[in-house]
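I have placed the structure first, in the form of structure tokens, so that the comments after it can refer back to it.
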Amino acid sequence: MISTNPPAYDLAPVALLALVGVLLALVPLAWVTFRNRHAGPSAHRKALTVLTLFLTFDLVLFGAFTRLTDSGLGCPDWPGCYGNASPIGAHADIHAAETALPTGPVTRGKAWIEMTHRYLATGVGVLITVLTVLAWRDRRRGTGVISPWWPTATWVWVCLQGAFGALTVTMKLYPAIVTAHLLGGLGLLMLLAAQAQGYLRKPLALSSGVRTLAWTVLGLTVLQVTLGGWVSTNYAVLACTDVPTCQGQWWPPMDFDHGFAVFRELGQGRDGGLLPFAALTAIHMTHRLGAVVLVLALAWLLWQLRVSRDPAGVRWSLALGLALLWQLASGLSNVVLGWPMVAALAHTGGAAALLTLLSTMITRAHLVDRAAR
């Protein structure tokens, strides 16, 4: 019997999905093992961690693509698609849903986008599991370079991220859950970036003042990315289509009470009614104001790195400065060009790159303290 409203959870395809994840993970595993066949375990772990970081970055971008193409409910159950491991087996159900609602969330294209995202996430999860197992084995053999608790924490995080991915689907794109899922993906990137530094061993000497400033900028960046995720999740990007004003005003009518009500359905206000346009404006303008604060703080950090006259600090100021310019350009493009896919993905990628760079720089500064002890 064909049903357009399947049960929220159907664990029947779990084994097949796990097999797909293993097969996907075997490709990078085989490549890293072949490239490091004459090197020691440390070189192998380092290469695998860096490659997993790169693939996680790709996964975050594909997750953004899934959200931006409205494919999050392309398969309305979890972990499979209408109880199948792929849209091929769910063809009849997808066809029925698409026929009943041609412009609805379920189409063949959206189903494949959603399931591809799940396949890639499973593959990354397998790689992180392998890194965790290898770290504990190295610890037992006395050859470990990093604490196995690092990859273990990353493994726990990716499991929680999978749970939020399931809730994203089963709770029908509940804004708070979708935003948390985005932040979880970025948090995973930061954990892997920090983990990789344990193998790379490239300490960075920063004064205590600059390190404190770097931590402050990282906190502000996380807050700003959260606001950006809230903008995207609530489709508030086009609430303002002019720059630097919004709707031709410096301070247009805004409804913060409904806009920042966390526990509500998509498109609904605090009282359960339709989300007012003024609420979307409030969400958008708050993100803009946050951008001003972050740009000022980041510019001060870049200046402090620049005047330190340390070649490494100067290089970091250049890298962070380029990431900042990328974010400003892509963010403005979203507004003035009408939120094109390329600009939206570029903005997500820039946020991911900025957080990865900051977490890497801070971790390298911490390595100096560990060496001193």
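Predicted model, so just to flag it, every value in this text is computed and none were measured. Below, each value reflects all heavy atoms present in this structure, side chains not excepted, and no hydrogens, waters or symmetry copies.
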Donor + acceptor pair across side chains of [X], [Y] (<3.5 Å):
X      : Y      : result
Thr179 : Thr233 : yes
Thr168 : Trp78  : no
Ser42  : Tyr199 : no
Asn234 : Arg264 : yes

Report yes if some heavy atom in the side chain of [X] is under 4.5 Å from a heavy atom in the side chain of [Y]; otherwise report no.
X      : Y      : result
Leu68  : Met341 : yes
Val106 : Cys75  : no
Trp316 : Thr360 : yes
Leu188 : Leu192 : yes
Gln195 : Thr363 : no
Leu204 : Met361 : yes
Ser308 : Ser207 : no

Residues Arg118, Glu114: salt bridge by 4.0 Å N-O rule: yes

If I take atom [atom1] from residue [X] and atom [atom2] from residue [Y], how far apart are they, to the nearest 0.5 angstrom?
X      : Y      : atom1 : atom2 : result
Gln268 : Leu274 : CD    : CG    : 8.0 Å
Leu301 : Leu294 : CG    : CG    : 10.5 Å
Leu357 : Leu354 : CG    : CG    : 6.5 Å
His287 : Leu223 : NE2   : CG    : 10.5 Å
His284 : Met254 : NE2   : CE    : 10.5 Å

Examine distances only and state if a side-chain atom of [X] and a backbone atom of [Y] form a donor-acceptor pair shorter than 3.5 Å.
X      : Y      : answer
Asp10  : Pro79  : no
Thr69  : Thr66  : yes
Ser71  : Arg67  : no
Asp271 : Gly273 : yes
Thr107 : Lys110 : yes
Asp77  : Pro7   : no

Connected via hydrophobic side-chain network under 4.5 Å: Leu61 and Ile128: yes

[X] [atom1]: over 12 foreign heavy atoms closer than 6.0 Å:
X      : atom1 : result
Phe164 : CZ    : no
Leu101 : CG    : yes
Leu19  : CG    : yes

Matching residue for Val231 among Leu280, Ile283, Thr226 - test: side chain to side chain contact (heavy atoms under 4.5 Å, CB included): Ile283

Pro105: which of Leu73, Asp70, Leu173 passes side chain to side chain contact (heavy atoms under 4.5 Å, CB included): Leu73

CA sep, side-chain torsions, deciding dist, call: Phe65, Phe62, ring-ring contact (aromatic ring centres under 6.0 Å, His included): CA-CA 5 Å; Phe65 177 74; Phe62 198 86; 5.7 Å; yes

Parallel, tilted or perpendicular: ring planes of His181 versus His117, cut at 30 and 60 degrees: perpendicular

Parallel, tilted or perpendicular: ring planes of Phe260 versus Phe256, cut at 30 and 60 degrees: parallel

